[in-house]
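Below is one structure, written out as structure tokens, with a few remarks after it.
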Number of protein chains: 2
Amino acid sequence: MKTEELTVDCGKEVTENSHTDCHKVIMPVRDALDVISGKWKLPIIIAVSRGHKRFRDIERSIPKITSKVLSKELKDLETHKLVKRTVYDTQPVTVEYTLTPYAATLDSVILALQKWGIQHRKKILGK
Amino acid sequence: MKTEELTVDCGKEVTENSHTDCHKVIMPVRDALDVISGKWKLPIIIAVSRGHKRFRDIERSIPKITSKVLSKELKDLETHKLVKRTVYDTQPVTVEYTLTPYAATLDSVILALQKWGIQHRKKILGK
DNA sequence: CAGGATCCCCTGCGATACTG
DNA sequence: CAGTATCGCAGGGGATCCTG
């Protein structure tokens with residue numbers, strides 16, 4: 001979310017518009033990438049979507065992740081309204097994480113990335 | 001391109017398939033993200049697409065980028081077959097960078113990210 | 001159980017030079 | 001012009017331990 005100073009001038013002729021247009025592509029894309037890129041975001045989203053709700057449960061389902069990282073990533077996802085955190089007043093406290101309905105809007109993005117990724121791997125390696 | 005050890009187990013029941021399915025989403029997505037994420041990839045792709053061909057030309061068109069970074073990123077893009085590097089035997093040598101036709105396959109991905117990014121910014125900030 | 005605190009490392013990126 | 005070399009930092013993320 002610190003995409004502000006990104007002042008890119010991509011126009012052939014340096015007109016006001018080419019500059020602005022460029023921004024209009026780059027800024028949103030970087031916003032989106034900030035949300036889903038990183039090593040753990042996707043694994044976590046998928047884990048939660050598949051029914052892992054409790055902290056330890058999610059942690060165990062994602063090999064090699066540490067509690068510190070999981071904690072931080074879950075907070076990120078929560079501030080982006082992709083994950084909902086619910087605390088139950090039990091003894092000791094229970095916390096449940098679930099995907100918000102909003103998270104579903106990511107599907108098309110993920111699908112586009114996935115499709116491109118699949119064919120790209122073939123393109124680069126296979127032949 | 002070092003996405004190998006990514007062994008994620010996202011299934012509720014730990015079946016072979018849930019594991020594999022998960023991989024099938026995460027690996028390609030990470031492949032794709034590796035190609036387009038990072039601070040400079042998009043700006044460079046856009047700059048080149050808009051007609052900036054020469055190294056210095058591209059460099060000047062992207063505020064704050066350094067030659068070192070530009071050089072490295074262009075190599076990355078070249079190995080991913082998104083950019084073509086052509087050396088002309090002039091005095092001194094001239095080098096031209098152009099997007100490959102293949103780079104156009106990224107359009108749908110970028111569009112998806114852009115669209116989601118735009119509405120996400122509204123969702124998070126606006127109201 | 002759900003996380004925080006600490007320490008530490010590694011890489012991405014910036015600044016500033018310098019070559020063929 | 002088209003880059004490479006060197007230095008250096010900051011931050012993301014790992015390992016380990018600790019608390020309410």
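Below, chains carry the letters A, B, ... as their sequence lines are ordered, and counting in each starts from 1.
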Review point. Is it true that B/Ile58 and B/Val95 fall in one hydrophobic cluster, defined by side-chain heavy atoms closer than 4.5 Å?
Key: yes
Point to revise | Atom-to-atom span, CG of A/Leu74 to P of C/dC1 - whole angstrom | key: 16 Å
Practice item. Specify whether A/His120 and B/His80 have parallel, tilted or perpendicular ring planes, treating 30° as the upper limit for parallel and 60° as the lower limit for perpendicular. Key: tilted
Exercise for review: Can you tell me the distance, in whole Å, between the NZ atom of A/Lys72 and the P atom of D/dG13?
Suggested key: 5 Å
Exercise for review: May I ask you to verify if any side-chain N or O of A/Arg56 is less than 4.0 angstrom from the OP1 or OP2 atom of C/dA2?
Suggested key: no
Check your understanding: With respect to the side chain of B/Thr94, which nucleotide from D/dG3, D/dA2, C/dC13 is positioned closest?
Key -> D/dA2
Check your understanding: Heavy atoms under 4.0 Å, any strand shown: does A/Ser71 hit a base, just sugar-phosphate, or nothing?
Key -> sugar-phosphate
Review point. What integer distance in Å separates B/Leu70:CG from D/dA2:C1'?
Key: 10 Å
Review point. In whole angstrom, what separates B/Lys41's NZ from C/dC13's P?
Key: 7 Å
Check your understanding: In whole angstrom, what separates B/Glu73's CD from C/dT11's C1'?
Key -> 13 Å
Point to revise | Out of D/dG14, C/dA2, D/dA2, whichever nucleotide has its closest atom nearest the side chain of A/Trp40 | key: D/dG14
Check your understanding: Taking for each residue the nucleotide of DNA chain D with the nearest heavy atom, is it A/Pro92 or A/Ile65 whose nucleotide lies nearer the 5' end?
Key -> A/Ile65
Check your understanding: Once the angle between the rings of B/Phe55 and B/Tyr97 is folded into 0 to 90°, is it parallel (under 30°), tilted (30 to 60°) or perpendicular (over 60°)?
Key -> tilted
Check your understanding: What's the CG-C1' distance between A/Leu33 and D/dG12, to the nearest Å?
Key -> 17 Å
Exercise for review: Determine which pairs satisfy salt bridge (Lys or Arg N to Asp or Glu O under 4.0 Å) with at least one residue from residues 75-102 of chain A, sequence neighbours left out, and list them in order.
Suggested key: A/Lys72-A/Asp76
Review point. Can you check whether B/Arg54 has a side-chain N or O nearer than 4.0 Å to OP1 or OP2 of D/dC1?
Key: no
Check your understanding: Ignoring hydrogens and angles, are the base of D/dG14 and the side chain of A/Lys68 linked by a donor-acceptor pair under 3.5 Å?
Key -> yes
Check your understanding: Looking at B/Lys75, does any N or O in its side chain come under 4.0 Å of the phosphate oxygens OP1/OP2 on D/dT4?
Key -> yes
Study note, to complete from the structure: Residue pairs passing the side chain to side chain donor-acceptor pair (under 3.5 Å) test with at least one member in residues 103-113 of chain A, sequence neighbours excluded, are A/Thr105-B/Trp116
Review point. How many Å lie between CZ on B/Arg60 and C1' on D/dG3, as a whole number?
Key: 14 Å
Exercise for review: Write down the distance between CD (A/Glu96) and C1' (C/dG3), rounded to a whole number of angstrom.
Suggested key: 17 Å
Practice item. Report which part of the nucleic acid B/Tyr88 touches: base, sugar-phosphate, or nothing (heavy-atom distance under 4.0 Å, all strands). Key: nothing
Practice item. With heavy atoms under 4.0 Å as the rule, sort B/Lys64 into base, sugar-phosphate or nothing. Key: nothing
